[in-house]
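Notes follow the structure.
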Amino acid sequence: MSVQVYVAGKLVPKEQAMVSVFDHGLLYGDGVFEGIRTYGGKVFLEKEHIDRLYESALAIRLEIPMTPEEMTQAVRETVAANGLSDGYVRLVVTRGAGTLGLDPRRTSNPQVIIIADSISLYPQEMYDTGLQLITASTIRNHSAALSPRIKSLNYLNNILARIEGTDAGTVEALMLNHKGEVAECTGDNIFIVKDGVLKTPPPEAGILEGITRNAVMGLAKEAGIPVKEVPLVRHDIFVADECFLTGTAAEVISVVGLDGRKIGTGKPGPVTKDLLERFQKLTRS
Ligand code: PMP
């Protein structure tokens with residue numbers, strides 16, 4: 001059976017799932033989105049994702065034409081209609097079709113699109129051996145220009161950094177902020193472990209406050225691992241014992257090199273492995 005996509009208030013086969021070419025989501029990247037995992041047919045950290053979607057929309061002054069409860073229901077229905085067990089949901093809200101000008105007041109009908117499909121981001125081998133990163137020369141958006149806390153349809157900042165990674169032969173790239181501090185990767189948050197303490201940049205560093213990030217910090221606290229949200233610079237990564245990334249799609253993945261330099265032993269470390277195991281348990285609970 002063809003993938004069923006939720007668009008314009010109903011489920012249709014993916015070949016028929018369409019929005020207008022005048023939609024400002026397409027013309028200007030004017031919209032917001034979420035990426036959500038399902039495990040065993042259940043929407044993982046559902047409330048957190050729906051809440052963040054509505055916060056992103058509020059930040060760009062986009063009124064979503066459904067309540068959070070209706071949105072939650074529509075996501076569940078889309079997952080069920082596709083018989084999705086372990087999969088991925090892409091939830092998109094656009095500003096809607098309008099005139100050829102920026103003014104959002106000249107748009108109507110924000111579009112809610114829900115796609116439920118399978119996903120595999122990195123090959124299993126990378127989870128076993130850890131991945132390499134490069135530092136992109138493209139810095140993360142300045143918060144005063146476009147806050148990285150908004151999960152908007154404007155992903156060019158990250159895409160340009162990702163291309164730098166691809167050119168250098170890596171699957172992810174580290175992005176610094178305008179102060180030269182570590183922010184995050186193009187689609188993942190970053191953590192280091194140093195002397196038994198788990199460290200990650202704070203939201204003020206100019207990052208998307210990842211839902212996986214928050215879940216992993218919670219798991220670490222439960223495990224008795226001290227957690228610190230502190231500004232980090234590249235030096236901290238070079239001298240870290242361990243490094244890993246978190247993200248909805250990536251889950252928890254070890255980083256063993258940055259800019260051609262080995263991190264720690266050059267192999268996934270014990271804290272990373274422990275947190276990955278705890279995270280996997282959480283997804284199955
Ligand atoms: N940072 C960026 C820029 C991202 O796009 C993502 C993934 N959407 C993340 C971090 C990780 O966030 P989450 O754990 O909520 O998926």
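Along the sequence shown, residues are numbered consecutively beginning with 1. Order of listing sets the numbers, starting from 1, for every ligand and every atom in it.
Between the side chain of H24 and the backbone N or O of T99 there is at least one donor-acceptor pair closer than 3.5 Å. Judged by distance alone, with hydrogens and angles left aside, the side-chain atoms of Y54 form a donor-acceptor pair with the main-chain N or O of T67 at under 3.5 Å. Counting only distance, with no hydrogens or angles, the side chain of D30 and the backbone of G25 share no donor-acceptor pair below 3.5 Å. With hydrogens and angles ignored, the 3.5 Å screen pairs a side-chain donor or acceptor of N157 with a backbone N or O of N141.
Residues I113 and V19 meet the side-chain proximity criterion, which asks for heavy atoms closer than 4.5 Å.
Which parts of ligand 1 touch R140 is read off a 4.0 Å heavy-atom cut-off, strictly below it: atoms 3 (C). Residue-ligand proximity, T248 to ligand 1, at heavy-atom distances under 4.0 Å covers atoms 13 (P), 14 (O), 15 (O), 16 (O). Close approach of ligand 1 to N158 is summarised as follows: ligand atoms under 4.0 Å from at least one heavy atom of the residue are 3 (C). Taking every heavy atom of R52 and a limit of under 4.0 angstrom, the matching atoms of ligand 1 come to 15 (O). Of all atoms in ligand 1, listed by their number and element, those nearer than 4.0 Å to a heavy atom of G210 are 12 (O), 13 (P), 14 (O), 15 (O).
For a threshold of 3.5 Å applied to N or O pairs, the pair formed by E184 and ligand 1 contains at least one separation below that value. An N or O contact shorter than 3.5 Å is missing between L208 and ligand 1 by distance. Among the atoms of Y155, some N or O lies under 3.5 angstrom from an N or O of ligand 1. Residue K151 places at least one N or O, backbone or side chain, under 3.5 Å from an N or O of ligand 1.
E242 pairs by the side chain to side chain donor-acceptor pair (under 3.5 Å) definition with T272, not counting sequence neighbours.
Remark: of the listed residues Y39, F44, F244, F44 is the sole one forming a ring-ring contact (aromatic ring centres under 6.0 Å, His included) with F279.
For residues 201-219, every residue pair satisfying the salt bridge (Lys or Arg N to Asp or Glu O under 4.0 Å) rule, not counting sequence neighbours, is listed here: R149-E209, R213-E229.
For atom 6 (C) of ligand 1, the nearest protein heavy atom (residue, atom name, distance) is G187 O, 3.2 Å. At the top of the distance list for atom 14 (O) of ligand 1, counting protein heavy atoms only, stands T212 OG1, 2.6 Å. Of all protein heavy atoms, the one lying nearest to atom 11 (C) of ligand 1 is N189 OD1, 3.6 Å.
A salt bridge does not link K14 with D117: none of the charged nitrogens is closer than 4.0 Å to a carboxylate oxygen.
Contact analysis puts T186 in contact with ligand 1, with a non-hydrogen atom separation below 4.0 angstrom.
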